[in-house]
Amino acid sequence: MQLDAVKSYLLQLQENICDELAAEDGGSEFIIDEWQRAEGGGGRTRVLAEGAVFEKAGVNFSHVMGASLPPSATASRPELAGRSFQAMGVSLVIHPRNPYVPTSHANVRLFVAEKPGEEPVWWFGGGYDLTPYYGNREDCVHWHQVAAAACEPFGTSVYPRYKKWCDDYFYLKHRGEPRGIGGLFYDDLSEGSFDNCFSFMRSIGDSFLQAYRPIVQRRKNQPWDEHERQFQLYRRGRYVEFNLVFDRGTLFGLQSDGRTEAILMSLPPLVRWEYNYQPEPGSPEAELTEYYLQARDWLQQAP
C-alpha cells in the first residue's frame with residue numbers, strides 16, 4: 001500500500017480546492033486549524049466564512065488512527081470488529097450565499113484495518129452530491145456529465161452503479177425524499193489492485209471542481225429576494241437532518257472521538273424549520289420536490 005502517496009495526494013487536493021474556492025469568492029481566505037487527536041493522528045481543517053459567494057465553505061483533511069474500529073465502520077463489516085485502523089481523507093461541504101447556487105458535498109477517503117499476523121484490509125470510499133434549492137436542468141445535467149466522465153475510464157457500469165448508490169444513500173427516510181439530485185457514492189472499494197482504486201479516488205477528487213465551479217459561476221450573480229432566502233434556509237434543514245441522523249462519516253467521527261468542530265463543520269451557519277410547510281402549487285419551490293428531487297437519469301435530460 002502507498003499510504004504516503006495517498007496522504008500526499010489528499011493534502012494537495014485540499015490545497016487545490018481551497019485555492020479555487022477562494023479565487024471564486026473574490027480572494028477571500030480560509031482560516032486554518034491544525035489539530036491533533038489524543039488516540040492518534042489529527043488533521044487540518046480549513047474554513048471560509050461569510051464570504052461574498054460562500055456563506056460557509058469547509059474543507060477538512062484528517063488522518064486518524066485507533067485501537068479498534070467504531071460501530072459505524074463495522075456495521076456492514078462485522079468481521080473487522082476489534083481491528084486497529086487508520087483512516088485518511090478529505091471531506092468538504094459548501095453552503096453558498098445565493099439561493100440559486102446549490103450546496104455541495106464531496107469526500108474521498110481510505111480506510112485500513114489491521115491485525116497482528118494478518119494482511120491489512122483496506123478500502124476506499126467517497127463521492128460527491130449536489131443539493132439545489134432552486135432547480136436548474138442545465139446544472140443537473142452538467143453535474144452528472146462530469147461525474148460520468150470521471151468514472152468512464154474504469155468501466156461502463158461504474159457511473160450507473162455509483163449514481164444509484166448515491167440516490168439510495170442520500171435519502172431522508174423519515175421525509176420520504178432525497179437530499180438533492182445525487183451524484184456519486186461508493187464505499188468498501190477494494191476491487192482489483194490498490195493502484196487502480198487509488199487512481200479512481202484521484203479521478204473523483206480531481207473532477208469535483210470541474211463539476212461544481214461552472215455552476216457557481218453561472219448562478220452566483222443571479223438576483224434573489226428575501227422569499228428565496230427564507231426557502232433556502234428552510235431547505236437547509238433537510239441537509240442538517242441527514243448529516244445528524246444518517247451520515248456514516250459524521251457517525252464515524254463522533255464514535256471515534258474525533259474533533260467535534262471539524263466533524264460538524266458541514267452544518268450551515270443559518271437554518272430554519274417551519275411546521276408543515278407547503279409550497280404554493282406551480283411555484284419554483286414546489287418544482288424542487290416535484291421534479292428535481294426525483295431519481296432520474298440526468299444524462300438523458302435536455303437542459
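Source: prediction; values computed, not measured.
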Please name all residues satisfying side-chain contact (heavy atoms from CB on, under 4.5 Å) with [X], sequence neighbours left out, ordered by chain then number.
{"X": "A52", "answer": "D25"}
{"X": "S193", "answer": "D195, N196"}
{"X": "R272", "answer": "Q230, L233, Y234, E274"}
{"X": "A295", "answer": "D167"}

Can you name the side-chain hydrogen bond (donor to acceptor under 3.5 Å, both in side chains) partners of [X], sequence neighbours left out?
{"X": "D19", "answer": "none"}
{"X": "T103", "answer": "H95, Y133"}
{"X": "E50", "answer": "R97"}

Test of understanding: with salt bridge (Lys or Arg N to Asp or Glu O under 4.0 Å), list the residues that count as partners of [X], not counting sequence neighbours.
{"X": "R83", "value": "E118"}
{"X": "E226", "value": "none"}
{"X": "D129", "value": "R179"}
{"X": "R213", "value": "E20, E24"}

- Can a cation-pi geometry be assigned to R202 and F198, taking NZ or CZ under 6.0 Å from the six-membered ring centre and within 45° of the ring axis? yes
- Query: Quick one: does NZ or CZ of R296 land under 6.0 Å from the six-membered ring centre of W298, within 45 degrees of the ring axis?
  - Reply: yes
- Message: According to ring-ring contact (aromatic ring centres under 6.0 Å, His included), who are the partners of Y162, at least two apart in sequence or on a separate chain?
- Response: Y186, F200
- If you measure from the Lys or Arg side-chain nitrogens to the Asp or Glu carboxylate oxygens, is any gap between R236 and E241 under 4.0 Å? no
